[in-house]
Amino acid sequence: MTFIPELPDPALESRLLEGLNPQQREAVVHRGEALLIVAGAGSGKTSVLTRRIAHLIETKDAWPSQILAITFTNKAAAEMRERVETLIGQAAEGMWISTFHSACVRILRREAETFGYTKSFTIYDSADSRALIKRIIKDLDADTFGFTVSKVAGRISKAKNELQEVESYSRNANFADPAEAVFVEMFRRYSSELTRANAFDFDDLIAQTVYLFRAFPKVAALYQRRFRHILVDEYQDTNHAQYSLIRELTRAPKPEHLKGAVGFDGMPLKEYDRPLPPASLTVVGDSDQSIYAFRGADIRNIVEFERDFPNSKVILLEQNYRSTQNILSAANSVIANNFDRKDKKLFTTIGDGEKIVGFTGYSQHDEAQFIADEIVELREAGMDYRDVAVFYRTNAQTRALEDVFIRSALPYRVIGGTKFYERAEIKDAMAYLIAVANPADPLALRRIMNVPKRGIGPATEAALQNHADKDGRTLRDALRESDQLGLGPKVTAAIEGLATILDEVGATADTAAPADILAALLERTGFIEALRASRDPQDEARAENVEELLAVTREFRRNNPTGTLLDFLTEVSLVAAADELDDSSGTVSLMTLHTAKGLEFEAVFLTGVEEGLLPHQMSAGEPGGPAEERRLFYVGITRARRRLYLSLAMTRAQFGDVTVAMPSRYLQEIPTELIDWRQSPGMANSRGGTEPRALNARRGGFGAENSLAGSSLGGPGGYAIESGGPGATARARAAARAAERPKTEWTSRVTSTVRDNGDLTLAAGDRIRHVDFGDGKVTAVTGTGPKAVAEVQFETAGRKRLLIKISPIEKLA
DNA sequence: GGGAAGATGGTTTTT
DNA sequence: CCATCTTCCC
């Protein structure tokens, strides 16, 4: 069969450019060494990027395998792949579309043996890193110098992001300062422990790849030759290490480094006698959306792009296709307060839209109640829950929101935050998997040594560790030789039992399905059994969580039929918060402003717009802090398509006591005519100033008392603070929590006091009394059992939906 | 070695 | 306010 090369299909090319404005079009078709697309929020950059990739393939300027596209989250990568697929079909398969971290893992696994690691290296997440650092601090008594785990972790991470290894770091260190000397020692130990454990931390994934390329030009040349077109999204949030990685990849591969090279398919590569041109680089970014300086993101990467890549072209995308003009005007005027930025104004042709809605609650519960009520109204006006998002600055703010949402029977999901994988029992089960996949890792082994209880305590552990250290073997080796330690027969048998299980299950680690490996481990160690047999009522829920993990591993294999245990562990450690977002879920999404980056929703609630929270207290001292906080606010505003709500609370319970909050300075940067204040800070404040009962005051027309049962605002009516037996309430609370523990999704877990009305049943026509809303009449009941929801018409507070089981209500005779 | 009760210290944002 | 660590007793 003869293959006739096709000319670019004009019909198809025009399809790729269809509906694009001239700048977007240019961004798709431009060819050259370097291209910077400055893409304002909502300017259609994803569309431009995907079409650019499709266009490169379509015009035969690139084979799919020559494309490397870097996104910020796995979800964005999956979305991009999908969209390219719908444009050009199967051809999308050979492309690398992934995050920085995933791409680096892929490279490091391929090349691990070149530089002293094995393919089975594991990845330390931040909790693992912290656990290791904690041990080191303790060993060195470094806390006497004021070192905390987070400080040390932060400094090490910062160094790595700037490509400073222990050696180069200590060369510039001031050893006259004892604290600094101790830090260097900690850094040194941390690094060598990681190496010994055959593990990388998050920052290593990038940094080590760069070192690999620099130390082994032949390896680098292979990738430089392969990736002819590199595209990087969210370029404003790249740090120095990531920038350097891109630099290494866009160097021209030298012919001598490619001599005798073998391609990724194992076939010898064609040799060149002339240098190949460097890969072409496309970056997309917006310096107004740079919000990751704290993790080393360097805004200069984008600002100085033109200087870095001399033959570059810059294209500006300013037309916004997402939001109404009112929302954009607010965003523009806020961000204009950041000096040293290139002036850029987003505009749209879709019209002004609704005004921004503002609300000031008396407390964070009041604020949350307002949000819940508004969401109900939006829903009644035809909006889907999944099109609504609630943003906040700190994860701690979810508490009040969850509290109120649960009682209002609003389906919601917290994106990120306390993750499933951070739960102790899940970490334990995962540690078993890691111990099996990477026998060199002592951290995982230590974690499971006595889980479930088998009588191996700190003393035994130390003995094992000593034995291992004596002749430089691993802790795992020591386990196998426990009979040489002269320990009691019971303990020795327990250790041997564990060693046997790990070794025997470990023999299948490369081939067996992750679910089978986990099931075998759980079965043979009696892990779940032990939880079920426990007297602690919470252990039943923990057992269920572990079974949930088992389901996750099965699901993984369904999606990746050839996925190994290592693949599973890699995927788990690299999930980003935003990856959890499920577009089809039909729930309201709650997330931090950071997680919100790159997403969009019909309606956005931006909460806690207060001084001290946004901008956050901690940012005040840092150079560039307030400006970055402003960008964060800007990012939040520009996520909204139609409706934007800005809310704050006058008082906020933090650190156990109530503090008075001031409206954020950023609110004053929005022209007043853009905001429709349902309750302005002034309105709330004047009451607060004159009435001691203000915290529970009736707000205009609604007659709602705002203190929810169990909230921290003192007793009903705001009497003088009277804290009755803190121990007693804490215990009662823990008991209530244990008893309740909803069997629903682990993400929607109840975080504060939950009332339980038992099997209280209501029917239309019943009269009830609610702690906050007063008396009302049930107009309808939907759902059954614990999920029954009553719709209630209150005399003064309006219509509400309440989850009968847990609402603070009583039935009136 | 195990467990429960008190003490302590620490919270921005995340791959 | 919360989680984690320490201490004490079995």
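Convention: sequence-line order gives letters A, B, ...; per-chain numbering from 1. Quick caveat, the model's predicted, so the values are computed rather than measured. What you see below is based on every heavy atom in this structure, not just the backbone, and it leaves out hydrogens, waters and symmetry mates.
With sequence neighbours excluded, no residue forms a side chain to side chain donor-acceptor pair (under 3.5 Å) with S664(A).
Nearest-nucleotide mapping onto DNA chain B: of L574(A) and V491(A), the residue sitting toward the 5' end is V491(A).
Computed from coordinates, the L593(A) CG to dT13(B) C1' distance equals 9 Å when rounded to whole Å. Rounded to an integer number of Å, the gap from K134(A) NZ to dA3(C) P is 14 Å. Following rounding to the nearest Å, R130(A) (CZ) and dT4(C) (C1') show an atom-to-atom distance of 12 Å. Counting to the nearest Å, the C1' atom of dT15(B) and the CD atom of Q236(A) are 15 Å from each other. If you take NZ of K597(A) and P of dT12(B), they are 20 Å apart, rounded to a whole angstrom. A straight line from OH of Y392(A) to C1' of dT14(B) spans 13 Å, rounded to a whole angstrom. Regarding D204(A), its CG atom lies at a distance of 13 Å from the C1' atom of dT15(B), rounded to whole Å. Residue E422(A) contributes atom CD, which lies 13 Å from atom C1' of dT15(B) at whole-angstrom precision.
Residue T595(A) places at least one side-chain N or O closer than 4.0 Å to OP1 or OP2 of dT14(B). Checking the phosphate oxygens (OP1, OP2) of dT12(B), no side-chain nitrogen or oxygen of N395(A) falls inside 4.0 Å. Taking 4.0 angstrom as the limit, T148(A) places none of its side-chain polar atoms (N or O) nearer than this to OP1 or OP2 of dG9(B). At dG1(B), none of the side-chain N or O atoms of K490(A) fall inside 4.0 Å of OP1 or OP2 (strictly under the cut-off). For dG2(B), one of the phosphate oxygens OP1 or OP2 lies less than 4.0 angstrom from a side-chain nitrogen or oxygen of N450(A).
Looking at heavy-atom distances under 4.0 Å, S150(A) makes contact with sugar-phosphate atoms alone, never a base. In this structure, F100(A) reaches neither bases nor backbone, as no heavy-atom distance under 4.0 Å exists between it and the strands shown.
Candidate nucleotides dT13(B), dT6(C), dT12(B) were compared by shortest atom distance to the side chain of M618(A), and dT12(B) ranks first. Comparing dT12(B), dT13(B), dT6(C) against the side chain of K138(A) picks out dT6(C) as the nearest. Nearest nucleotide to the S126(A) side chain, out of dT15(B), dG1(B), dT12(B): dT15(B). Distances from the side chain of R399(A) to the nucleotides dC2(C), dT12(B), dT15(B) place dC2(C) closest. Comparing dT14(B), dC5(C), dT15(B) by their closest approach to the side chain of F294(A) singles out dT14(B). Picking from dT4(C), dT15(B), dG1(B) the nucleotide with the shortest atom distance to the side chain of T460(A) gives dG1(B). Of all nucleotides listed (dT15(B), dT13(B), dG1(B)), dT13(B) comes nearest to the side chain of T394(A).
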Solution key, residues 145-153 of chain A side-chain donor-acceptor pairs under 3.5 Å, sequence neighbours excluded:
from    : atom 1 : to      : atom 2 : distance (Å)
T148(A) : OG1    : K151(A) : N      : 3.2

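Counted by atom type alone, D441(A) and Y124(A) present one or more donor-acceptor pairs between their side chains at under 3.5 Å. For the residue pair Q364(A) and R399(A), no side-chain donor N or O sits within less than 3.5 Å of a side-chain acceptor on the partner. Judged by distance alone, the side chains of S129(A) and Y190(A) do bring a donor and an acceptor atom under 3.5 Å apart.
Between R407(A) and D403(A) a salt bridge is recorded (basic side-chain N to carboxylate O distance below 4.0 Å).
Ring centers of F294(A) and Y292(A): under 6.0 Å apart, within the cut-off.
Of the candidates V284(A), I246(A), T71(A), L49(A), I246(A) is the only one forming a side chain to side chain contact (heavy atoms under 4.5 Å, CB included) with V232(A).
Cation-pi geometry between R639(A) and F391(A) is not met: the NZ or CZ atom fails to fall both under 6.0 Å from the ring centre and inside 45° of the normal.
With a 3.5 Å limit on both pairing distances and Watson-Crick or G-U wobble geometry required, the stems of 3 or more pairs in DNA chain C span B:1-10 with C:1-10.
When the C1' atom is used for both dT4(C) and dT13(B), the distance is 23 Å, rounded to whole Å.
In the interface, the side chain of H101(A) is paired with the base of dT15(B) through a donor and an acceptor atom under 3.5 Å apart.
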